[in-house]
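Computed from a predicted model, the values in this text were never measured in an experiment.
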Number of protein chains: 2
Amino acid sequence: MAARRRAEVGSSRRSPLDRSRIVAAAVTLADAEGVAGVTMRAVAAGLGVEAMSLYNHVRNRDDLLDGMVDLVFAEIELPTAGAGWYQAMRKRAESARAVLRRHPWAVGLLDSRSAPGPATLRHHDAVLGVLRGAGFSVAGAARAFSVIDSYLYGFVLQEVSLPFRSSEELGEVAGGILGGLDAGAYPHLVEITTEHALRPGYDYADEFDAGLALILGALEPDERGEG
Amino acid sequence: MAARRRAEVGSSRRSPLDRSRIVAAAVTLADAEGVAGVTMRAVAAGLGVEAMSLYNHVRNRDDLLDGMVDLVFAEIELPTAGAGWYQAMRKRAESARAVLRRHPWAVGLLDSRSAPGPATLRHHDAVLGVLRGAGFSVAGAARAFSVIDSYLYGFVLQEVSLPFRSSEELGEVAGGILGGLDAGAYPHLVEITTEHALRPGYDYADEFDAGLALILGALEPDERGEG
DNA sequence: TTGACTCTGCTTACACCGTAAGCCTACGGT
DNA sequence: ACCGTAGGCTTACGGTGTAAGCAGAGTCAA
């Protein structure tokens with residue numbers, strides 16, 4: 001059969017396997033099992049392949065993790081200058097938070113990763129571009145970028161590491177921690193828990209917008225008169 | 001010899017080994033080798049003991065990591081109400097940052113840790129106490145706490161994961177990343193790097209105080225009129 | 001004094017990890 | 001038809017967390 005000359009038909013024999021397929025499989029696995037579940041053997045198994053085959057496309061496990069982080073960054077919406085820097089930063093931050101919640105392991109990977117990938121660089125460049133275009137000085141853009149991203153990563157880091165996902169779970173956990181202790185040892189934690197966090201309708205996630213608005217409201221372009 | 005009745009003299013025979021000695025040894029090891037170097041065998045070796053002996057005092061490796069994080073929190077200065085909430089929050093944040101820089105592995109451990117230890121709880125309680133004492137409402141204190149800590153953790157997370165420690169290293173790294181690419185692919189990153197970050201005297205660490213001041217300045221007690 | 005119980009450290013063993021080294025086979029260029 | 005090479009596979013090694021069981025010392029009852 002002449003058609004067999006090329007394998008592009010996808011002869012079931014062997015699929016091509018390249019870096020991006022490996023990284024994507026690793027991300028899927030991490031979403032399901034956590035980053036600890038991302039072993040070379042497990043990733044390979046997910047692709048119907050042996051562990052050592054991955055090393056033809058990936059330098060080592062660390063390189064794979066770098067790729068995963070970059071793939072996550074690629075999911076974040078790039079900001080656009082159209083609607084003004086405030087809205088652009090706001091939308092970008094919310095998109096980033098949504099993405100990082102979808103891949104909770106990614107934040108914990110941010111430290112220990114040293115080589116930013118192309119998507120990461122493109123993302124940072126776009127953010128700086130919006131700020132500069134809106135009149136922020138170089139130093140001002142750097143500062144705004146630093147503050148916003150610190151808040152963003154820090155919030156998600158805390159959010160993701162909370163040992164509960166819903167309000168009911170919160171109740172159980174808080175009860176477990178505070179209940180087992182000397183009553184009155186942590187009066188303010190008790191207060192904030194019972195009078196605030198356990199109130200129906202409370203959702204810690206809502207704090208994100210509030211904090212973000214507070215920070216964005218304190219920023220402004222072209223800080224000529226400022227120290 | 002009657003004195004031998006009690007081993008309290010410290011017969012060189014065997015040292016007692018308890019949880020706190022184990023956790024302290026693990027922290028020392030992590031400071032020196034990074035968190036990946038904290039293996040049960042290595043921690044035990046540092047104490048002149050075999051790996052399995054640790055399990056008499058520590059549930060498992062995860063429990064050990066929990067203990068390490070709590071020990072780090074214990075190093076952070078508790079805020080005191082004396083000089084006003086602004087200065088208290090400022091000093092607390094700077095102390096926390098100094099501690100987390102001393103133990104760079106700790107931030108990365110914050111996620112994946114689910115059981116806060118006593119030092120952690122005491123710390124959070126003290127922060128809330130200062131804010132409440134200064135007139136913040138329960139909701140306001142919760143919000144302030146969330147914003148400040150998010151910024152703090154996020155900043156340190158980024159700071160710690162930077163692949164350099166000094167300005168010269170920054171130059172090399174930046175050159176390596178940006179140099180290997182299409183010139184002009186990331187114009188704003190190039191701009192900020194060459195015109196700002198590589199300027200003599202620039203230190204990213206200084207951004208911390210600026211961002212913190214910006215956030216603290218936007219907070220205020222008793223947000224009656226606010227949404 | 002003696003014996004039993006408990007506490008704590010040690011030894012051994014297992015499954016799983018990342019990955020170095022080398023083999024085998026199918027494909028593409030000649 | 002051949003052969004180099006790329007990209008899979010197999011095997012193997014040292015290191016990991018930790019389950020299971022052993023050994024010696026401290027404490028207490030009889």
Side-chain angles (χ1 to χ4, degrees), chain A residues 1-26 29-30 32-68 105 109 112-114, chain B residues 1-26 29-30 32-68 105 109 112-114:
Chain A
M1 300 185 181
R4 278 186 59 224
R5 277 182 22 225
R6 286 164 163 232
E8 70 183 6
V9 194
S11 72
S12 74
R13 195 82 181 76
R14 191 171 283 172
S15 37
L17 189 65
D18 62 356
R19 186 176 216 273
S20 69
R21 289 216 311 137
I22 292 174
V23 173
L29 188 60
E33 316 264 344
V35 72
V38 179
T39 70
M40 300 306 273
R41 287 170 171 85
V43 172
L47 292 162
V49 142
E50 295 302 310
M52 290 309 292
S53 302
L54 305 181
Y55 287 88
N56 286 309
H57 307 276
V58 150
R59 198 144 36 235
N60 50 35
R61 184 168 184 270
D62 238 47
D63 184 35
L64 175 56
L65 296 180
D66 280 343
M68 292 167 66
W105 43 268
L109 240 45
S112 83
R113 236 87 304 275
S114 55
Chain B
M1 300 185 185
R4 277 187 60 221
R5 276 183 21 224
R6 287 164 161 229
E8 70 182 6
V9 195
S11 72
S12 74
R13 194 82 179 75
R14 191 171 283 171
S15 38
L17 189 66
D18 62 355
R19 185 176 217 273
S20 69
R21 290 217 308 138
I22 293 174
V23 173
L29 188 60
E33 316 265 343
V35 72
V38 179
T39 70
M40 301 305 273
R41 285 169 174 86
V43 172
L47 292 162
V49 141
E50 295 301 312
M52 290 311 292
S53 302
L54 304 180
Y55 287 88
N56 285 310
H57 307 276
V58 148
R59 198 143 38 234
N60 50 36
R61 184 168 183 269
D62 237 48
D63 183 34
L64 175 57
L65 295 179
D66 279 342
M68 293 168 66
W105 44 267
L109 240 45
S112 83
R113 236 88 304 274
S114 55

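Counting all heavy atoms, side chain and backbone alike, B/Ala30 lies closest to B/Val38 at CB-CG2, 3.6 Å. Taking each heavy atom of A/Asn60 and A/Asp63 in turn, the nearest pair found is OD1-N, 2.9 Å. Across all their heavy atoms, B/Leu64 and B/Ala26 have their closest contact at CD1-CB, 3.9 Å. Nearest heavy atoms, A/Leu29 versus A/Ala42: CD2-CB, 3.7 Å. Shown here for B/Leu54 and B/Met40, the closest heavy-atom pair between the two residues is CD1-O, 3.4 Å.
Interface residues of residues 55-64 of chain A facing DNA chain D, ordered by number: A/Asn56, A/His57; criterion, heavy-atom separation under 4.0 Å. Remark: A/Val38, A/Thr39, A/Met40, A/Arg41 in residues 33-43 of chain A come within less than 4.0 Å of DNA chain C through at least one heavy atom.
Separating the CE atom in B/Met68 from the CZ atom in B/Arg61 is a distance of 8.0 Å, to the nearest 0.5 Å. In this structure, B/His57 NE2 and B/Asp18 CG are separated by 7.0 Å, a value rounded to the nearest 0.5 Å.
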Under 3.5 Å, N/O pairs linking protein and nucleotides 4-6 of chain D:
none

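When rounded to the nearest whole Å, the span between CD1 of B/Ile22 and P of D/dT18 equals 13 Å. Nucleotide D/dG8 holds its P atom 9 Å from the CZ atom of A/Arg21, rounded to whole Å. Atom CD of A/Glu50 and atom P of C/dG18 are 14 Å apart (whole Å). Atom CG in B/Leu47 sits roughly 10 Å away from atom P in C/dG9 (whole-Å rounding).
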